[in-house]
Amino acid sequence: GAAAGYLGRGRSTPTSAGVADVSYRPVTFEEGFVFAARFAPDGRTIVYSADWDRQPRDVFVTSLDSPDFRPLGLTGSDLLGISRSGELAILSGSTVPSGSSYYRKGTLARASLTGGAPRLELEGVRFADFGADGAMAVIRDDERRLTLEYPVGQVLAEGRNGLIGPRVSPSGEYVAVFDTRTTGALTVKIFNRSGKLVVSSPPFSDWWGLAWTPANELWFAATETGGVQTAVFGLDLNGRQRVVFRAPGGVTLHDISAQGDMLASFDHGLNRVELIDTVEAAPQDRTWRDGGRLAGFSATHALLLNQSSGGGSGGPHGSVYFWRPEDRQPVRIAEGSALALSPDGRKALVASALAPQTVSIVPTGAG
């Protein structure tokens, strides 16, 4: 699986209805996963960490004045934040204990934009951000609990799981996080420096990044409960929430500059399916539409693919596709979810999506 898309810079202009009219400018054009991106203090330099084209992840720097980019030589590291003096907070030696690229864990380190070896500071960190005075807010994982700390050592919130972020307000007085500590609910919460909960949002089903505007309004990208579309919302310190704009598909909000530019990555999840005929032969791409999942494989090299339901290309109830090696594209043979393919490739086992759920044997050809 990969999040394929591009990192873009956008300028938002509020309309009379309060919804932003957003214009976009692509910043990157590679395929891979962007973990985090931040504006440098000048508002034109952009630093980001990414896994590009199946290469080891690194931290890169680019500029709005040039399409070129270069690595900073921090191979294996992830960007977490940039201070007002241009110092980088990075995650060094990170692992992915939960299996999701968004939930990395490693050692917090400080590095310079101009190069040099990073200085290791704190182990067991998942996320971090700089405050206005250079102090850092962190989410730390000690294997027993997660803690939101700002500054490091002062606990504002804790739980066994479910703290994601954080982002410190421009004034340095507030910290915002995504909070999933309540089972089945995801909310945005804003704490002050003493740990008092100032604002809590309504529930959402998925999170896609936080950033503060220069006017001290928190913007966050999230998916509303029961929906499939990502939107960027604004939340002020009085708890008033508004829709800033709605995006087609997934958009991750990374940062907002002091000039009001927004940095976001437009994400497309993709499960790639490849068929390797012999050790010497190049892999054959058997990815269909927005990816799909391999559900069966026969001795004749025929494939059975699942296409997801909901907002994907599988329709409202999912689709099952059968792909023979001599065909240029697969054939849709059923609605539902594929479970298995017979060894001769002539029959598929398919579960229906609608209640009461049934399991059927479906011919992959005539019959």
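- With hydrogens and angles left out, the side-chain atoms of E87 and S85 include no donor and acceptor closer than 3.5 Å.
- Looking at T62, its side chain never comes within 3.5 Å of a backbone N or O of I46 through a donor-acceptor pair.
- Scored by the side-chain hydrogen bond (donor to acceptor under 3.5 Å, both in side chains) test, T213 finds no partners at all (sequence neighbours excluded).
- Qualifying side-chain hydrogen bond (donor to acceptor under 3.5 Å, both in side chains) partners for D42, counting only residues two or more places apart in sequence or in other chains: T45.
- A salt bridge links E217 to R242: at least one charged side-chain nitrogen sits closer than 4.0 Å to a carboxylate oxygen.
- P118 is listed as a side-chain neighbour of L74, based on a closest heavy-atom distance under 4.5 Å.
- A side-chain contact (heavy atoms from CB on, under 4.5 Å) with F266 is found for exactly one of V251, V34, T230, namely V251.
- By the side-chain hydrogen bond (donor to acceptor under 3.5 Å, both in side chains) test, K189 pairs with D179, sequence neighbours left out.
- Annotation: side chain to side chain contact (heavy atoms under 4.5 Å, CB included) contacts of S257 (sequence neighbours excluded): F39, Q259, D261.
- Residues E274 and R286 are not paired through a salt bridge, judged by the lack of any N-O separation under 4.0 Å between the basic side chain and the carboxylate.
- A search for side chain to side chain contact (heavy atoms under 4.5 Å, CB included) contacts involving P214 returns I256, not counting sequence neighbours.
- Heavy atoms from other residues, nucleotides or ligands lying under 6.0 Å from CD of E123 number 12 at most.
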Listed pairs under 3.5 Å, donor-acceptor, residues 356-367 side chains, sequence neighbours left out:
from, atom 1, to, atom 2, distance (Å)
Q357, NE2, S352, O, 2.8
T358, OG1, S352, OG, 3.3
T364, OG1, G345, O, 2.7
T364, OG1, R346, O, 3.2

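- Take D68 and apply the salt bridge (Lys or Arg N to Asp or Glu O under 4.0 Å) test, not counting sequence neighbours, and it matches no residue.
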Would you tabulate the side-chain donor-acceptor contacts of residues 128-135 under 3.5 Å, counting partners in other chains and residues two or more places apart, or write 'none'?
from, atom 1, to, atom 2, distance (Å)
D129, OD2, R167, NE, 3.3
D129, OD2, V168, N, 2.8
D133, OD1, A135, N, 3.1

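- With sequence neighbours left out, the ring pair (Phe, Tyr, Trp, His ring centres under 6.0 Å) criterion links F220 to F204, F233.
- Remark: R84 engages no residue in a salt bridge (Lys or Arg N to Asp or Glu O under 4.0 Å) (not counting sequence neighbours).
- With sequence neighbours excluded, the residues satisfying salt bridge (Lys or Arg N to Asp or Glu O under 4.0 Å) with E158 are R145.
- Remark: S92 engages no residue in a side-chain hydrogen bond (donor to acceptor under 3.5 Å, both in side chains) (not counting sequence neighbours).
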